[in-house]
Novice: 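Questions regarding the structure given below will be posed in turn.
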Amino acid sequence: MEWMKVKDALKAPIGTQLTVKGWVRTRRDSKADGGISFLAVSDGTCFDHIQVVAKNTLDNYPDEIVKITSGCSVEVDGELVESAGRGQDVEILAGAVRVAGWVDNPDSYPVSAKRHSFEYLREVAHLRPRTNTFGAVARVRHCMSLAIHRFFDQRDFYYVHTPIITGADCEGAGEMFRVSTLDLQNLPRKPDGRVNFDQDFFGKESHLTVSGQLNVETFCLALTRVYTFGPTFRAENSNTSRHLSEFWMIEPEIAFGDLSDDADLAEEFLKYIFDYLLTRRADDMAFFEKRIDPGVIDRLKHIIEKPFLRISYSEAVAVLKKTKRKFEFPVEWGSDLQSEHERFLTEEHFKQPVIVMDYPKEIKAFYMRKNDDGKTVAALDVLVPKIGEIIGGSQREERLDVLDDRIREMGLNLDDYWWYRDLRRYGTVPHSGFGLGFERLIQFCTGMANIRDVIPFPRAPRQAEF
RNA sequence: UCCUCAGUAGCUCAGCUGGUAGAGCGGGUGGCUGUUAACCACCAAGUCGGCGGUUCGAGUCCGUCCUGGGGAGCCA
């Protein structure tokens, strides 16, 4: 008999002879006709499980089937039939049920058939994929990854694998994890007492990357349109529902593109991937809508349907200063917009996604292109309801002399950026890009409150068990 | 890192002003039922986060450490 995944079995014609394999969610018994057991079997290929009907005529009924508990793995041969009960359209009338793996101690099975808190499930991260929520999150993550790659592929972007280990301590995007093979108990020293990194694996200090942007720019200025999508690391001791020590980031970069092109790309990107998600994972999204975050589907549709408004930072500040609404943090030209300001703009004032452009140069990174006014840089933030900033991007400074001034202004060392500066010496062009955190994207489109629940194995301060 | 709340059966929690522990779910057994958040009865299960202190006596009070949640900062 053909092994069918549950997602296909649920749609197969009545009468199909098939085998399904998976894990039992629940077993319910009836005494009718001398005994019938109902097994809810899930293989994770879709949100729903399939019901298996096992009758007492099966030879292992009394010895095995009635002892099956949540978590047991089974292989079932049988026929797909119309369900004689309510609650499902089809079910499998079993001809054979083989138990592949028992549950050692059903009394203490960590993900028993009951409600569990997310906090608890984090402690059993190896078993939580078997729950409705984490199965759905895993499928949504996959779907969104695919959507991102398809979006870029269809638009002639090449996927560039930027390095995980970096010797360039450049970006200043927070604390970095050191990569070293030196013996911590016996560090080689220089005469002045400092650690001698000449003897380290790479012959210099090295760290885990905090961004692939600088590297991907090099390929942008050769392949025209590129993107990275990979893990990034921050050693910040920040313990919140929106931060991880290890997370995934998407960073496209376009040559011969200015800030306006960048904004176009960001808007088209978000609309595409959310539409793809709603189309392809309707089952999981219905679950998130019903059980996790009512309203999440409307928020996504809102982004798909509404045009993104574009305003300057200065205009945004003017709007915020004019409103009667009280904020915890004051609004002043020159300081960064707080989350409450961003949400006010997109949720209450404009009631649509907003792209804020041209921020004061003091609050933005050195590589962002200086505008003619001398006060602002060509940066953009895409603001959406519920979370505020979802994307941050900029046009990069392509003029070597201006870039050098900015590096010096920020107190950085020109030599550290020698290869980055070379890009401005050899065939420089205007180029732009943006970045977004993949897990925050998944949080947004599932409504999951804690970022540790949208990545399979979260890494956070004091948390790397699995 | 700071502020704040919490840590009691496998899980979620209750336990008033200190007198040596209880419920629901889950699990087991039996009854009933084409079951599906099933229902009814019974049973098992906890050195009350660790260490120290106050007290005749601490789950309950004090100190400290560990762990987790929420918020802040930082940011993606």
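A note on names: the letters A, B, ... follow the listed sequences, proteins ahead of strands, and every chain is numbered from 1. Bear in mind that the values here come from a model prediction, so they are computed numbers and not experimental data.
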Novice: Please state how far atom CD in A:Glu175 lies from atom P in B:U1, giving the value in whole angstrom units.
Specialist: 13 Å

Novice: Give the rounded distance in Å between these two atoms: CZ of A:Arg234 and P of B:G73.
Specialist: 17 Å

Novice: Side chain of A:Ser238, heavy atoms from C-beta onward: which of B:G73, B:G34, B:G10 has the nearest atom to it?
Specialist: B:G73

Novice: Starting at the 5' end of RNA chain B and moving along, which residue's nearest nucleotide shows up first, A:Gln51 or A:Thr69?
Specialist: A:Thr69

Novice: Looking at B:C11, does its base get a donor-acceptor pair with the side chain of A:His116 below 3.5 Å?
Specialist: no

Novice: Base, sugar-phosphate alone, or nothing: which one does A:Ala32 contact when heavy atoms must sit under 4.0 Å apart?
Specialist: sugar-phosphate

Novice: Expressed in whole Å, how much space separates the C1' atoms belonging to B:G31 and B:A38?
Specialist: 14 Å

Novice: Can you tell me how far C1' in B:G15 sits from the matching atom in B:U60, rounded to whole Å?
Specialist: 9 Å

Novice: Does the pair A:Arg369/A:Asp258 count as a salt bridge with the N-to-O cut at 4.0 Å?
Specialist: no

Novice: Where the side chain of A:Ser30 is defined as all heavy atoms beyond and including C-beta, which of B:G26, B:C74, B:G34 is the nearest nucleotide?
Specialist: B:G34

Novice: Using a strict 4.0 Å threshold on nitrogen-to-oxygen distance, state whether A:Asp77 and A:Arg98 make a salt bridge.
Specialist: yes

Novice: Using a 4.0 Å heavy-atom cut-off across all strands, classify A:Gln88 as base, sugar-phosphate, or nothing.
Specialist: base

Novice: So does A:Glu267 pair up with A:Arg310, basic N to acidic O under 4.0 Å?
Specialist: yes

Novice: With a non-hydrogen cut-off below 4.0 angstrom, is A:Gly437 in contact with a base, only sugar-phosphate, or nothing?
Specialist: sugar-phosphate

Novice: Would one find a side-chain N or O of A:Arg28 under 4.0 angstrom from OP1 or OP2 of B:U33?
Specialist: no

Novice: Categorize A:Leu244 for me: base, sugar-phosphate, or nothing, with a 4.0 angstrom heavy-atom threshold over every strand shown.
Specialist: base

Novice: Could you check whether the rings of A:Tyr420 and A:Phe366 sit parallel, tilted or perpendicular, using 30° and 60° as the cut-offs?
Specialist: perpendicular

Novice: Using the P atom on both, measure B:C62 against B:U17 and round to a whole Å.
Specialist: 12 Å

Novice: Identify whether any heavy atom of A:Arg115 sits under 4.0 Å from a base atom; if not, whether one sits that close to sugar-phosphate; answer base, sugar-phosphate or nothing.
Specialist: sugar-phosphate

Novice: Please report the distance, rounded to the nearest Å, between CD in A:Glu123 and C1' in B:G7.
Specialist: 11 Å

Novice: If the plane angle is over 60° it's perpendicular, under 30° parallel, otherwise tilted; pick one for A:His149 and A:Tyr227.
Specialist: tilted

Novice: Whole-Å distance between B:G68 P and A:Asp453 CG?
Specialist: 13 Å

Novice: Using a distance-only criterion (donor-acceptor N/O pair, under 3.5 Å, no hydrogens), is the base of B:C75 paired with the side chain of A:Arg440?
Specialist: yes

Novice: For A:Val210, is there any backbone N or O sitting under 3.5 Å from a side-chain donor or acceptor partner on A:Arg234?
Specialist: yes

Novice: When you compare the ring of A:Phe247 with the six-membered ring of B:A76's base, are the centres less than 5.5 Å apart and the planes under 30° from each other?
Specialist: yes

Novice: If you look at every strand shown and take non-hydrogen atoms under 4.0 Å, does A:Thr232 touch a base, only sugar-phosphate, or nothing?
Specialist: nothing

Novice: What's the CZ-P distance between A:Phe233 and B:C74, to the nearest Å?
Specialist: 24 Å

Novice: How close or far is atom P of B:G26 from atom CZ of A:Arg25, stated in whole angstroms?
Specialist: 16 Å

Novice: Taking only the side-chain heavy atoms of A:Glu91 (C-beta and beyond), determine which of B:U35, B:G24, B:G69 contains the nearest atom.
Specialist: B:U35

Novice: Under 4.0 Å between a side-chain nitrogen and a carboxylate oxygen: does that hold for A:Arg178 and A:Glu205?
Specialist: yes

Novice: Is any NZ, NE, NH1 or NH2 atom of the basic residue among A:Arg343 and A:Glu340 found under 4.0 Å from an Asp or Glu carboxylate oxygen of the other?
Specialist: no

Novice: Grab the CG-P distance between A:Asp107 and B:U29 for me, whole Å please.
Specialist: 12 Å

Novice: Reading RNA chain B from 5' onward, which residue's closest nucleotide shows up sooner: A:Ile451 or A:Val53?
Specialist: A:Val53

Novice: Given B:U1, B:A76, B:G71, which nucleotide is nearest the side-chain atoms of A:Asn237?
Specialist: B:U1

Novice: A:Phe444 near the nucleic acid: base, sugar-phosphate alone, or nothing, with a heavy-atom cut-off under 4.0 Å?
Specialist: nothing

Novice: On the side chain of A:Glu119, is there an atom forming a donor-acceptor pair with the base of B:U12 - under 3.5 Å, no angle test?
Specialist: no

Novice: B:G7 and B:U64: how far apart are their C1' atoms, nearest whole angstrom?
Specialist: 16 Å

Novice: On a whole-Å scale, what distance lies between the C1' atoms belonging to B:G49 and B:U33?
Specialist: 44 Å

Novice: What's A:Tyr120 touching, base or sugar-phosphate or nothing? Going by heavy atoms closer than 4.0 Å.
Specialist: sugar-phosphate

Novice: Respond yes when some side-chain nitrogen or oxygen of A:Asn450 is under 4.0 Å from OP1 or OP2 of B:G70, and no when none is.
Specialist: yes

Novice: Please state how far atom CG in A:Asn105 lies from atom P in B:A44, giving the value in whole angstrom units.
Specialist: 17 Å

Novice: Whom does B:G24 pair with, Watson-Crick or G-U wobble, provided both distances fall under 3.5 Å?
Specialist: B:C11

Novice: In whole angstrom, give me the gap between the P atoms of B:G57 and B:G22.
Specialist: 24 Å

